[in-house]
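Since the structure comes first, as C-alpha cells, the remarks are kept for the end.
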2 protein chains.
Amino acid sequence: MTKEQEHLQDILKKRLKEKGLKVTQQRLIVLQILAENRDKHMAAEDIYEMVKEEYPEIGLATVYRTVQLLLEMQLLDRINLDDGRVRYEIGHLFAGDMRHNHHHLICKSCGKVTPFEDDLLEELEAHIEQDAGFHVLDHELKFYGICKECLQKQKKES
Amino acid sequence: MTKEQEHLQDILKKRLKEKGLKVTQQRLIVLQILAENRDKHMAAEDIYEMVKEEYPEIGLATVYRTVQLLLEMQLLDRINLDDGRVRYEIGHLFAGDMRHNHHHLICKSCGKVTPFEDDLLEELEAHIEQDAGFHVLDHELKFYGICKECLQKQKKES
DNA sequence: GTTATTGCAAAAGTTTTGCACCTGA
DNA sequence: TCAGGTGCAAAACTTTTGCAATAAC
C-alpha cells in the first residue's frame, strides 16, 4: 500500500469515527480499489468485480452504499459519461501531487475518454460567486468531439 | 406559433427530407413542446406528459426515439443533472438571440438548477484543439454548490 | 404500394430497498 | 450488548427493443 493510500484510509477512518459509523473491511477495500485505479472512471459494477477478487462475499448493494458514503465524505468525485452508468474516481482534492482540475474529452466516434488538465475554470468560478452569489463546491466539465486518432482515420478514408 | 418556432420546424422538415425520413405529427409536436419550454431541462417523461395534452395517443417510446433523432440532427442539447433522468432542451445553436453558451449551477442543498451564461470556454476549447488534437463539437459544464437563497438561509440559522 | 414510423408490451440495465442475519465497537 | 452494516432477492426506475398495425410519401 502506498503512502497516499494509507493517507486516504486514515481520512476515511477518522471521518467514520467522527460520525459514529463503523470501519468495515468492505469500506476499506472499496476505497483501496478506487485508489489503485485513479483516472479509470469506474462504474459500480467495475468496482464490484475488482473488490470480489479480494473479498468474494461482497454484494453489489454494498458497493453502491459505500460509494454513496464516500461521495458524501468528499473522498470521491462522480462522473457521468452518458452511457447510463455513473462512474467514480478518487476526489481531485486528494490528488497526491496536488494536480490541477481535470476534465474529460469524450470521443463521439470511438467513445474513448481522455482526461484533460486545466485551471481556467477558477476564474469562471470567481465570476459565478460574484455575479450569481452561488458558492461553488465542485464542477464537472466534459467536451464531446472527435479524438486525434479518429480524425486521422477520417482523413485517410476520404 | 412564434417565428422562431416556425424556423425550427422548417429546419426539422428540411433535414428529415434530406435523409429520406418522414415528417410526422409526433415529431413536430415534440419539437414544438421543447421550443415552448426553453431552459426547462425536460426529461423524456416530462415531454411525454406535455405532448399527451395535444396528442393523447403518443407513446413514451416515440418520445425517446424522437428525442434521439432531434439530438442527432443537432436540434437539441442533452443535459444530465445526475438525478437519473437525462434532460433535453433546444440546442444553444438555435437560440433566437444568438445568446452565449450556457452552463448550469446545481444547488446541492435545494436542488435548484440555474442557467449561467459565459463564453470563457471558447478559449479553453482552442487550447484543447491545439494541445490534444481533439476536435471539440460540444461541451457540458456543471457547477455544484450552494445557491444564494440557501446560503442566506444557512446564515440565519447560525 | 412501399417504407418508415408508431404504440404497446416486454425486456434490459442500473440503482435502490426491505429484511433477516452479522459484526464492529 | 446492540446499533450500524451486510448480502441477498425483490423492487423501482429509466431507457431500449420487437413486432404487428398505421401513416407518410
Side-chain angles (χ1 to χ4, degrees), chain A residues 9-10 12-33 41-73 75-76 78-88 111, chain B residues 9 12-33 41-73 76 78-88 111:
Chain A
Q9 206 174 81
D10 288 345
L12 173 57
K13 286 183 185 168
K14 184 166 139 263
R15 297 203 181 160
L16 285 171
K17 280 172 191 159
E18 279 169 7
K19 294 202 181 189
L21 302 177
K22 289 169 182 170
V23 176
T24 64
Q25 279 304 303
Q26 291 91 329
R27 286 170 181 173
L28 292 175
I29 296 178
V30 167
L31 182 65
Q32 174 79 18
I33 292 295
H41 339 100
M42 294 210 294
E45 186 79 36
D46 302 329
I47 300 169
Y48 175 60
E49 291 302 332
M50 296 199 68
V51 171
K52 267 210 298 206
E53 289 175 21
E54 237 179 283
Y55 195 99
E57 320 88 284
I58 199 162
L60 181 55
T62 299
V63 173
Y64 275 103
R65 285 184 285 227
T66 303
V67 150
Q68 194 56 46
L69 182 77
L70 296 176
L71 270 179
E72 282 159 21
M73 293 187 163
L75 289 165
L76 296 190
R78 174 202 297 237
I79 319 148
N80 197 317
L81 302 176
D82 299 312
D83 63 348
R85 315 163 71 200
V86 177
R87 286 147 190 285
Y88 306 90
Chain B
Q9 207 175 80
L12 173 57
K13 285 182 186 169
K14 184 165 138 265
R15 298 202 181 163
L16 286 171
K17 280 172 192 161
E18 279 169 7
K19 294 202 181 191
L21 302 177
K22 289 170 181 170
V23 176
T24 66
Q25 279 303 302
Q26 291 92 329
R27 285 169 181 174
L28 291 174
I29 296 178
V30 166
L31 181 65
Q32 175 78 20
I33 291 295
H41 340 100
M42 296 210 292
E45 186 79 35
D46 302 329
I47 300 168
Y48 175 59
E49 290 302 333
M50 296 200 68
V51 171
K52 268 211 295 207
E53 288 175 22
E54 238 181 281
Y55 195 99
E57 321 88 285
I58 199 162
L60 181 55
T62 299
V63 172
Y64 275 101
R65 285 184 285 227
T66 302
V67 150
Q68 194 57 46
L69 183 77
L70 295 176
L71 270 179
E72 282 160 19
M73 292 187 163
L76 296 189
R78 173 203 296 240
I79 319 149
N80 197 318
L81 302 177
D82 299 313
D83 62 347
R85 315 162 71 199
V86 177
R87 286 147 191 284
Y88 306 90

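Computed over heavy atoms, backbone and side chain alike; hydrogens, waters and symmetry mates excluded. Every chain is numbered from 1 and lettered A, B, ... according to where its sequence line falls, protein lines coming before strand lines.
- For the pair A:E57 CD and D:dG5 P, the interatomic distance rounds to 18 Å; values are reported in whole Å.
- Whole-Å rounding puts the B:L28 CG to C:dT6 P distance at 10 Å.
- Atoms CD (B:E49) and P (D:dT14) sit 11 Å apart, rounded to a whole Å.
- Between A:Y55 atom OH and D:dG7 atom C1' the separation is 10 Å, expressed in whole Å.
- Scanning all heavy atoms of the two residues, the minimum distance from B:Y48 to B:L60 falls at CE1-N, 3.4 Å.
- Atoms CZ (A:R27) and P (C:dA25) sit 10 Å apart, rounded to a whole Å.
- For A:L12 against A:R27, the heavy-atom pair with the smallest separation is CD2-O, 3.9 Å.
- Between B:K19 atom NZ and C:dT5 atom P the separation is 11 Å, expressed in whole Å.
- We find that CG of A:D82 is positioned 14 Å from C1' of D:dT14, with the value rounded to whole Å.
- When all heavy atoms of A:Q25 and A:Y55 are compared, the closest pair comes out as CB-CE1, 3.6 Å.
- Rounding to whole angstrom units, CG of residue B:L70 and P of C:dT5 are separated by 12 Å.
- A donor-acceptor pair under 3.5 Å links the side-chain atoms of B:R15 to the main chain of B:M73, judged by distance alone.
- Looking at every heavy atom in both residues, A:D46 comes nearest to A:H41 through OD2-O, 4.4 Å.
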I'd like to compare against my own output: the B/S/- annotation of nucleotides 15-25 of chain D with a strict under-4.0 Å heavy-atom distance to protein. BBBB-----BS
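- Looking at which nucleotide of DNA chain C each of B:Y48 and B:L16 is closest to, the 5′-most match is held by B:L16.
- A 4.5 Å side-chain heavy-atom check between A:T24 and A:T62 finds every atom pair outside the cut-off.
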